Amino acid sequence: MAKIKPFKAVRPAQDKVALVTCRTYDDYSSAELAAWLDFNPYSFLHVIHPAYANAQKVSLEKRFKAVANKYQDFKHDQILIEEEHPVFYLYEIQSKGQTFTGIIAGTSVKDYQNNVIKKHEDTLQYRVELFKDYLHQTNFNTEPVLITYPDSVEINTFIALRKKSKPVYEYSTTNKEKHTLWKIDTQSEIDWLQEHFENIPNLYIADGHHRSASAELLFKQDKHLGNENINYFMSFLIAESNVKIYEFNRLIRDLNGLSKDTFIKKLSEHFVIIAKDQEIWKPQNKFEFGMYLDGSFYALFYKKENHQQASILDNLDAQILYDKVLFPLLGIEDLRNDERIDYIPGKQSISVIKDLIDEGEFEVGFMLYPSDINEIKALADNNLIMPPKSTYIEPKFRSGLVVYEL
């Protein structure tokens, strides 16, 4: 039974929302970051990157305190305002023919601990600890965990009706997205949503495993302080049919001492290989892989006898590539930390992979077929963990749009 909770959010003043909100910090190049910080005094980047004007290195504790101070400055200057009462939000992102619509709410740390909120990715402990310290020092979070729920006719109908009302915000951004936010603030609506989510047996984390793990760690550390908000973390709840799942393609810097012919011969033990020459080819189905090597594309078809009796995890395309190619042939054991491997989200053109290999930075690239939501749920239901960088999932939330204070 999933528990959701309204909260007293902090959000931009209506006339400044398009100037305040930003993409996640890591999504900006150095030049973009400098430009936004130079020319937009309202950008939330000033909050999450407060050391910009002071280039010397500072300790993490000082940096986090600077974030907290800048955040308070934004509130003092009424760039950010606080809701008078706890609310839910309905939020929609329109982007290049794709529309994402979901509910912003607090989700329960205890549900996360009790596996009502299920996960499919492993986390790095140092990243979990780092973000926990960030939350503890700054006392706010503006990046919700993306969580899916099973499609519901009732919730879909509620959303469709609610979208006919006047929004709190409706604005466009420089990356050609349109953002619309509605407030769900009547007690009857809040009660209705809570009751419907209580009838959902499980929620599934799509993106934000480190954020949810950090929230749990903060709860364990600070629950004695008696702050109710510490019992929850902000989430963007979206129907599972409405998420967009891309693959992460792999780039490898060398063939681990193998010649091209030897490498292809070893590949043929597990794959049927068809040369595509200059034809740009990407997988059309599960158990298919694309490869670019030495100026040519190849189609790799995993031999059927290999996956007829395999487990859910062993039949995952990212796991197959690791088990049959990356580890035994190319010597890549640690997918997170080995500097010989890099990742390109599947939403980027395959020509990016081709160009990087043709320029000599990498020697071989592999294109995968994206996982679907049922595969992700099956892994989560069986307490199995995907290999790192198996999925790139949209939508992506804008920083500074809705802030959850701790």
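Everything numeric in this text was worked out from a predicted model, so none of it was measured.
- The minimum heavy-atom distance linking Met367 with Pro283 is given by the pair O-CG, 3.3 Å.
- Contact between Asp314 and Gln319 at its shortest, heavy atoms only, is CA-CG, 4.4 Å.
- Using bins of under 30°, 30° to 60° and over 60° for the plane-to-plane angle, the ring pair Tyr89/Phe7 lands in the perpendicular bin.
- Between Phe233 and Phe219 there is no side-chain heavy-atom pair separated by less than 4.5 Å.
- The nearest pair of heavy atoms linking Gly295 to Gln278 is O-NE2, 2.5 Å.
- Aromatic ring centres of Phe397 and Tyr91: separated by under 6.0 Å.
- If you check the side chains of His196 and Glu154, you find no donor sitting under 3.5 Å from an acceptor.
- At a cut-off of 3.5 Å, with distance as the only test, no side-chain donor of Gln137 or Asp133 sits close to an acceptor on the other residue.
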(request) Report the C-alpha separation of Glu361 and Arg253 in whole Å, then their side-chain angles, then the decisive distance to 0.1 Å, and conclude whether the salt bridge (charged side-chain N to carboxylate O under 4.0 Å, His left out) test is met. (result) CA-CA 7 Å; Glu361 186 175 351; Arg253 297 189 188 278; 3.7 Å; yes
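- Among all heavy-atom pairs drawn from Leu368 and Phe248, the shortest one is CD1-O, 3.8 Å.
- If you check the side chains of Ser214 and Arg211, you find no donor sitting under 3.5 Å from an acceptor.
- A 6.0 Å sphere centred on CD of Glu84 holds no more than 12 heavy atoms belonging to other residues, nucleotides or ligands.
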(request) Take Asn249 and Val352 through the side-chain contact (heavy atoms from CB on, under 4.5 Å) test and state the conclusion after the steps. (result) CA-CA 11 Å; Asn249 297 314; Val352 174; over 6 Å; no
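- Rounding to the nearest 0.5 Å gives a distance of 4.5 Å between CG of Asp342 and CZ of Phe362.
- Ring-centre distance between Tyr134 and Phe131: below the 6.0 Å cut-off.
- With no hydrogens or angles considered, no side-chain donor-acceptor pair links Asp185 and His85 at under 3.5 Å.
- Defined by atom type and a distance below 3.5 Å, a donor-acceptor pair is present between the side-chain atoms of Asn175 and Thr173.
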(request) Verify side-chain contact (heavy atoms from CB on, under 4.5 Å) between Thr391 and His120, making sure each step is shown before the conclusion. (result) CA-CA 10 Å; Thr391 56; His120 67 266; 4.1 Å; yes
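- Contact check for His46 versus Ile79: no side-chain heavy atoms found under the 4.5 Å cut-off.
- Contact annotation: the side chain of Ile205 approaches that of Tyr112 to within less than 4.5 Å [non-hydrogen atoms, C-beta and beyond].
- In the displayed structure, Lys62 atom NZ is contacted under 6.0 Å by at most 12 heavy atoms of other residues, nucleotides or ligands.
- Residue-environment remark: NZ (Lys266) stays at or below the threshold of 12 foreign heavy atoms within 6.0 Å.
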(request) May I have the step-by-step check of side-chain contact (heavy atoms from CB on, under 4.5 Å) for Leu193 and Ile103, ending in yes or no? (result) CA-CA 10 Å; Leu193 273 178; Ile103 296 159; 3.7 Å; yes
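- Considering all non-hydrogen atoms of both residues, His210 and Leu124 come closest at NE2-N, 2.9 Å.
- Between Thr21 and Tyr169, the side chains place no donor N or O within less than 3.5 Å of an acceptor N or O (distance only, hydrogens not considered).
- Aromatic ring centres of Tyr25 and His49: separated by under 6.0 Å.
- A salt bridge is defined here as a Lys NZ or Arg NE, NH1 or NH2 lying under 4.0 Å from an Asp or Glu carboxylate O, and Lys75 with Glu405 meets this definition.
- The OG atom of Ser212 sits 12.5 Å away from atom CG of Asp111, with the distance rounded to the nearest 0.5 Å.
- Cation-pi check for Lys70 over Phe74 is not met; the charged atom does not lie both under 6.0 angstrom from the ring centroid and within 45 degrees of its normal.
- Put simply, CG on Leu181 and CD on Glu92 are 11.0 Å apart, with the number rounded to the nearest 0.5 Å.
- Using modelled atom types and a 3.5 Å distance limit, the side chains of Asn139 and Tyr71 yield no donor-acceptor pair.
- Taking all atoms of both residues into account, the shortest heavy-atom contact from Ile357 to Gly365 is CD1-N, 3.2 Å.
- Contact of the Pro395 side chain with the Ile238 side chain is registered, since non-hydrogen atoms from C-beta on lie closer than 4.5 Å.
- Under the 4.5 Å side-chain criterion, counting only non-hydrogen atoms from C-beta, Glu216 is not in contact with Lys132.
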(message) side-chain hydrogen bond (donor to acceptor under 3.5 Å, both in side chains), that's the test. Do Gln348 and Tyr392 meet it? Break it down for me.
(response) CA-CA 11 Å; Gln348 292 193 29; Tyr392 179 90; over 6 Å; no
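- Put simply, the side chain of Thr24 never gets that close to the backbone of Asp27: no donor and acceptor are under 3.5 Å apart.
- For the pair Asn231 and Lys110, the minimum side-chain heavy-atom distance is 4.5 Å or more.
- Within 6.0 Å of atom NZ in Lys16, more than 12 heavy atoms from other residues, nucleotides or ligands are found, so the atom counts as buried in its surroundings.
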(message) As a quick check of understanding, evaluate salt bridge (charged side-chain N to carboxylate O under 4.0 Å, His left out) for Glu177 and Lys96, giving each step before the final call.
(response) CA-CA 8 Å; Glu177 291 180 346; Lys96 298 178 182 177; over 6 Å; no
(request) Could you please spell out the steps behind the side-chain contact (heavy atoms from CB on, under 4.5 Å) verdict for Leu217 and Gln125? (result) CA-CA 10 Å; Leu217 205 59; Gln125 190 59 30; 4.1 Å; yes
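- The aromatic rings of Tyr292 and Phe297 sit tilted, their planes meeting at an angle between 30° and 60°.
- Ile190 places a side-chain heavy atom less than 4.5 Å from the side chain of Gln187.
- Counting non-hydrogen atoms of other residues, nucleotides and ligands closer than 6.0 Å to NZ of Lys260 gives a total above 12.
- Taking CG of Asp381 as the start and CG of Asn115 as the end, the distance is 8.5 Å to the nearest 0.5 Å.
- No option in Phe271, Trp281, Tyr302 other than Trp281 meets the side-chain contact (heavy atoms from CB on, under 4.5 Å) test with Glu288.
- Annotation: side chain of Leu329 is not in contact with side chain of Asn256 (no heavy-atom distance under 4.5 Å).
- Taken to the nearest 0.5 Å, the OG1 atom of Thr142 stands 13.5 Å off from the OH atom of Tyr404.
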(request) Evaluate the criterion salt bridge (charged side-chain N to carboxylate O under 4.0 Å, His left out) for residue pair Lys396 and Asp207; output intermediate values, then yes/no. (result) CA-CA 9 Å; Lys396 300 297 185 188; Asp207 189 27; 2.9 Å; yes
